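Data first, discussion second: the structure below is written as structure tokens.
These numbers were taken from a predicted model, which means no experiment stands behind them. First the proteins, then the strands, lettered A, B, ... as listed; each starts at 1.
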Protein chains: 2
Amino acid sequence: MQAEAWTPPPVLLTVDLVVLTLRKGRLCVLLVERAEDPFSGMQALPGGFLNNDREEILDGARRELQEETALDIGRVHLEQLAIYGAVDRDPRDRVVSVAHLAIVPDLPEPVAGTDAKAAAWVPVEEVLSGEIDLAFDHHRIVTDGVERARSRLEFTALATAFCTEPFTIAELQHVYETVWDTELDTRNFYRKVRAATGFVVPDDAGSKSTRGRPAQLYRVGPSSTLAPPLTRPPSSEKPMREGSA
Amino acid sequence: MQAEAWTPPPVLLTVDLVVLTLRKGRLCVLLVERAEDPFSGMQALPGGFLNNDREEILDGARRELQEETALDIGRVHLEQLAIYGAVDRDPRDRVVSVAHLAIVPDLPEPVAGTDAKAAAWVPVEEVLSGEIDLAFDHHRIVTDGVERARSRLEFTALATAFCTEPFTIAELQHVYETVWDTELDTRNFYRKVRAATGFVVPDDAGSKSTRGRPAQLYRVGPSSTLAPPLTRPPSSEKPMREGSA
DNA sequence: CAAATAGTGTCTTTGAGACACTATTGA
DNA sequence: TCAATAGTGTCTCAAAGACACTATTTG
């Protein structure tokens, strides 16, 4: 620190959201089309500035999520991801972004938020591959967010956030398979889910009408952490970078 | 977002550091005594405002670390931890803190930074237990930082950041035992370290003069991630909270 | 009864923990 | 040769993967 009377430089704080869901059997991220400069007309993550200097960061994230998805908050998973503050990430001002990861269940088709902006669910592969490019450093943020989600599935009950209650074990397995982009053995999966105490609890109320034997329904269990974890098979497609900070 | 012409509220950004090291066989965190209000005279994490609005956040963290430890940067591990921005965390202004985790090797006894502030290495237990309380929300930040470090030991080569090169396997084991506050089996530990490819590489140059058989020396290996991981024994002392975001 | 989906049991291999001895140096 | 520290090998058990069959419903 320095002799005071010097005034520290203020920055602008934004909240950005990596909202993930499963649509049509694919892991998708919510993107909006920017209406203003910089990067006007380009695809970007939903987000925005805090309302005022009394608004908590997480509340701001909740508000943005609500505006974009018109969703019942409380049932959605929302966590802080990281902060992105490179000096040149916004060509005009020093803007620091607090990125959040949100997981929502499959929503009714029309996703358009209450805002007028065009909003769309885009398969994450199209973003990760670079096929679509995004404003600012949002490509990096999506990459980090997806990796966070993949990792969270191993150690936490995050997968349930993709489902609407009540759900079946098979649905849960589809979540894992889609997010990890692997195939899992049904029998081993059942065993692991049961072994993870408090992951899910049976819901002996209804049964979904289905062709074939009706499945047992479950609800979210009391544990948010999975012990033992559901380890991800090592058969990753691409070996990742090695560097550390 | 809203109709523009409205100006978003700026905030003050600080960089705070959880600097961990091993001293006298204990995991210690670097604390400074605050010279100014708020919380004047209280213990706190080292940190401060960014120098100007052109300074990268990570550079600011490096600068603060340099000022406090007078250490050769580059050899130290430094990573972003999380952002803490509760509106009431600073009684005066809206100050948002970007917390970082730094790991440094055992330093020569006098730790006093180039700054005039009193700086001290304090065993983390004294902080975690609440025996010492800290300014702002720094207790929470230390808790999160220590947990992050403990977790990082499982999956990354972070432990080497506590050592000065070259080091021995036994020294590495002491790192794990101290940070995790457990005892590990020497033979199993050797096996696991060797199994983790690229964790450490032999250094066939010198040998430390010692009483007893001299140990093989090692240097940091090429891998920053540990495969397979060195799993932490489940014998935790205190069961932790369950809640998720 | 056929098709479709749900659910379970076993075997085998691999990795983790418990455990005891040999090796090399200095005093 | 003793004390002190370094380093290794084996056995056992538990978890993980591969794998095939039974169960319950609808058309």
Checklist outcome for this item: 5' to 3', nucleotides 22-27 of chain D under a 4.0 Å protein heavy-atom cut-off (B base, S sugar-phosphate only, - none) gives -BBBSS
Item to check | With T197(A) via side chain to side chain contact (heavy atoms under 4.5 Å, CB included) - residues at least two apart | outcome: none
Checklist entry - Atom CZ of F189(B) and atom P of dT8(D): how far apart are they, to the nearest Å? => result 14 Å
Checklist outcome for this item: Y190(A) atom OH is separated from dT10(C) atom C1', nearest whole Å, by 19 Å
Item to check | By side chain to side chain contact (heavy atoms under 4.5 Å, CB included) - contacts of A99(B) (at least two apart) | outcome: L81(B), Y84(B), I141(B)
Next on the checklist: Using modelled atom types and a 3.5 Å cut-off, is there a donor and acceptor pairing between side-chain atoms of E64(A) and backbone atoms of A61(A)?
Outcome noted: no
Item to check | Pairs touching residues 190-200 of chain B that satisfy salt bridge (charged side-chain N to carboxylate O under 4.0 Å, His left out), sequence neighbours left out | outcome: none
Checklist entry - Which residues satisfy the ring-ring contact (aromatic ring centres under 6.0 Å, His included) test with Y176(A), sequence neighbours excluded? => result W180(A), F189(A)
Checklist outcome for this item: Those residues at least two apart in sequence (or on a different chain) that pass salt bridge (Lys or Arg N to Asp or Glu O under 4.0 Å) with E147(B) are R232(B)
Checklist outcome for this item: Nucleotide by nucleotide, nucleotides 11-21 of chain D touches protein heavy atoms under 4.0 Å in the pattern (B base, S sugar-phosphate only, - none) -----BBBBB-
Checklist entry - Considering residues at least two apart in sequence or located in another chain, which fulfil the side chain to side chain contact (heavy atoms under 4.5 Å, CB included) criterion with V220(B)? => result T160(B), E165(B), F167(B)
Checklist entry - Starting at OH of Y218(B) and ending at C1' of dA6(D), how long is that distance when rounded to a whole Å? => result 10 Å
Checklist entry - So which of residues 159-171 of chain B are in contact with DNA chain C, with a heavy-atom cut-off of under 4.0 Å? => result none
Checklist entry - Looking at residues at least two apart in the chain, or sitting in another chain, which of them share a side chain to side chain contact (heavy atoms under 4.5 Å, CB included) with T186(B)? => result Q173(B), Y190(B)
Next on the checklist: Using a 3.5 Å distance criterion without hydrogens, assess whether the side chain of S223(A) forms a donor-acceptor pair with backbone atoms of L226(A).
Outcome noted: no
Item to check | Residues which pass ring-ring contact (aromatic ring centres under 6.0 Å, His included) with H138(A), listed by chain and number, not counting sequence neighbours | outcome: F136(A)
